[in-house]
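Worth knowing before you read on, the calculation uses all heavy atoms, side chains too, and leaves out hydrogens, waters and symmetry mates.
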Amino acid sequence: MDSVQRNVLVYDTEETLIQTVAARLLLRISDLLTAQERVDVALTGGTDGIAVLAAAAQSPLCAAVDFSRVHFWWGDERFVPADHADRNALQAREAWLDALVASGELPEENIHEMPAEKRTAEAAASASDAENDAVLLAAAREYQAELERELGPEGTLDIALFGVGPDGHFASLFPGHDEVLSTDPAVKSLGVAHSPKMPPLRVTLTVPFIQSTDFVWVFASGERKSDAVGRALYEADHANVPSSYARGKEESLWMIDRAAAANLA
């Protein structure tokens with residue numbers, strides 16, 4: 001095992017994992033709010049990520065959180081139209097955030113979505129690689145500008161949640177793709193033009209900005225994730241297993257179910 005301290009918690013079932021991550025998130029936000037004015041959280045999509053948000057929506061622990069002081073961001077996003085079913089932000093809104101806004105608990109301006117595709121379907125489909133690169137660069141710079149307006153030029157997130165793909169990716173940082181190798185701390189957000197997982201156009205936070213976060217939590221369920229989880233936890237910072245870069249300044253926590261832990265010693 002490498003020298004980077006990453007704590008691992010293993011739960012018996014996927015349902016226990018999901019419920020525990022949701023409860024831990026709400027409790028950590030509540031605890032942080034006792035010591036600071038606001039809390040900034042990066043959410044994740046995917047089956048497990050949205051299940052966590054749906055569980056949080058049903059949790060009585062929500063009553064302990066002053067959501068007027070919580071700001072939600074995303075670790076990555078599928079670059080599709082804002083109303084597209086694949087959007088992480090749309091799924092998060094449907095699972096939890098829109099209900100918080102409707103109840104008056106969460107101000108709409110506290111939801112910081114990554115930019116969406118604004119071109120017509122025809123224009124996007126016929127675009128050249130150079131055109132896509134330019135659009136994604138603009139989107140990434142727009143999100144970085146919003147991060148810096150809200151948090152300050154040197155500001156960081158408090159909590160970042162991530163899932164893991166069977167290929168070992170996290171956020172939209174994929175094995176064999178250069179984005180995971182970005183080391184410039186001044187670059188906080190990047191475009192991804194050729195994602196091996198559909199849709200191919202995405203925006204993602206960078207490894208340096210993710211690692212500047214206080215609490216980085218990774219969660220995964222199912223046997224099909226077990227190989228990726230085992231490889232990510234065996235050593236840190238291997239480009240062929242991007243989730244091995246997932247760590248925070250104060251806490252690097254992996255929460256997995258027993259099936260996903262099958263390859264751990």
Side-chain angles (χ1 to χ4, degrees), residues 38 40-46 49-50 53 70-98 100-101 106-153 155-163 169-174 177-180 182 184-210 212-213 242:
R38 65 183 270 175
D40 290 88
V41 182
L43 302 177
T44 186
I50 300 305
L53 301 188
V70 180
H71 289 251
F72 291 103
W73 304 82
W74 273 266
D76 74 316
E77 184 57 276
R78 291 109 178 229
F79 193 70
V80 292
D83 60 353
H84 195 287
D86 283 346
R87 285 274 293 181
N88 290 333
L90 180 62
Q91 294 174 18
R93 283 179 173 276
E94 292 173 345
W96 188 25
L97 302 186
D98 278 350
L100 289 175
V101 173
L106 177 69
E108 175 65 34
E109 57 267 27
N110 287 18
I111 300 175
H112 305 278
E113 296 186 19
M114 285 184 164
E117 173 68 88
K118 296 179 181 177
R119 296 174 293 183
T120 66
E122 294 76 13
S126 62
S128 67
D129 284 351
E131 290 169 330
N132 284 332
D133 287 345
V135 169
L136 290 170
L137 177 61
R141 287 178 172 173
E142 180 181 336
Y143 204 60
Q144 175 159 332
E146 184 168 1
L147 283 163
E148 293 179 348
R149 280 196 304 272
E150 286 285 330
L151 306 178
T156 61
L157 298 168
D158 296 295
I159 304 168
L161 305 178
F162 296 100
H169 85 268
F170 82 127
S172 281
L173 300 167
F174 294 94
H177 290 251
D178 290 343
E179 290 83 17
V180 73
S182 175
D184 186 350
V187 179
K188 300 171 183 176
S189 179
L190 286 172
V192 178
H194 296 284
S195 163
K197 183 179 180 182
M198 296 297 289
L201 304 184
R202 294 163 177 251
V203 179
T204 186
L205 298 184
T206 63
V207 166
F209 188 62
I210 290 168
S212 75
T213 303

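Between Trp73 and Tyr143, the distance from one ring center to the other falls under 6.0 angstrom. His177 has its ring centre no less than 6.0 Å from the ring centre of His194.
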> Would Asp40 and Leu151 satisfy side chain to side chain contact (heavy atoms under 4.5 Å, CB included), going step by step from the backbone distance to the final call?
Replying inline: CA-CA 9 Å; Asp40 290 88; Leu151 306 178; 3.5 Å; yes
> What do the steps show when you test Thr206 against Ser189 for side chain to side chain contact (heavy atoms under 4.5 Å, CB included), and what is the final call?
Replying inline: CA-CA 5 Å; Thr206 63; Ser189 179; 5.7 Å; no
> When you look at Glu117 and Arg78, which way does the salt bridge (charged side-chain N to carboxylate O under 4.0 Å, His left out) test go after all the steps?
Replying inline: CA-CA 9 Å; Glu117 173 68 88; Arg78 291 109 178 229; over 6 Å; no
> Do Leu201 and Val192 pass the side chain to side chain contact (heavy atoms under 4.5 Å, CB included) test, and can you show the C-alpha distance, the side-chain angles, and the key distance before you say yes or no?
Replying inline: CA-CA 6 Å; Leu201 304 184; Val192 178; over 6 Å; no
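A heavy-atom distance below 4.5 Å is not found between the side chains of Val41 and Leu157. Taking the side chain as every heavy atom from C-beta outward, Leu106 and Leu97 approach each other to under 4.5 Å. The side-chain heavy atoms of Thr156 and Thr213, taken from C-beta on, include no pair separated by under 4.5 Å.
Put simply, CG on Leu205 and CG on Leu190 are 9.0 Å apart, with the number rounded to the nearest 0.5 Å. In this structure, CG in Leu161 is found 11.5 Å from CH2 in Trp74, a value given to the nearest 0.5 Å. Atom NZ of residue Lys197 and atom CZ of residue Arg202 lie 6.0 Å apart, to the nearest 0.5 angstrom. A distance of 10.5 Å separates CG in Asp158 from NE2 in His71, rounded to the nearest 0.5 Å. Here the CD atom belonging to Gln144 is positioned 10.5 Å from the CE atom belonging to Met114, to the nearest 0.5 angstrom. Note that CZ of Phe162 is 10.0 Å distant from CG of Leu43, once rounded to the nearest 0.5 Å.
Considering all non-hydrogen atoms of both residues, Asp86 and Glu77 come closest at O-OE1, 4.4 Å. The minimum heavy-atom distance linking Phe174 with Val180 is given by the pair O-CG1, 4.4 Å. The heavy-atom pair separating Leu90 from Asp83 by the smallest distance is CD2-O, 3.7 Å. Val80 and Ala116 get closest at one heavy-atom pair: O-CB, 3.4 Å. Here the closest non-hydrogen pair linking Ala140 and Gly191 is CB-N, 3.8 Å. Nearest heavy atom pair, residue Thr44 against residue Gly163, reads OG1-N, 3.7 Å.
Side-chain atoms of Asn110 come within 3.5 Å of backbone atoms of Val70 as a donor-acceptor pair (strictly under, hydrogens ignored). Of the possible donor and acceptor atoms, none in the side chain of Ser182 sits under 3.5 Å from a partner among the backbone N and O of Glu179. Of the possible polar contacts, none joining the Ser195 side chain to the Met198 backbone as a donor-acceptor pair under 3.5 Å is found. Of the possible donor and acceptor atoms, one in the side chain of Asn88 sits under 3.5 Å from a partner among the backbone N and O of Asp76. Judged purely by atom type and a 3.5 angstrom limit, Gln91 uses its side chain to pair as donor or acceptor with the backbone of Ala85.
One finds a salt bridge joining Glu150 and Arg38 here, because a Lys/Arg side-chain nitrogen approaches an Asp/Glu carboxylate oxygen to under 4.0 Å. Salt-bridge annotation for Glu108 and Arg93: present, with a side-chain N of the basic residue lying under 4.0 Å from a carboxylate O of the acidic one.
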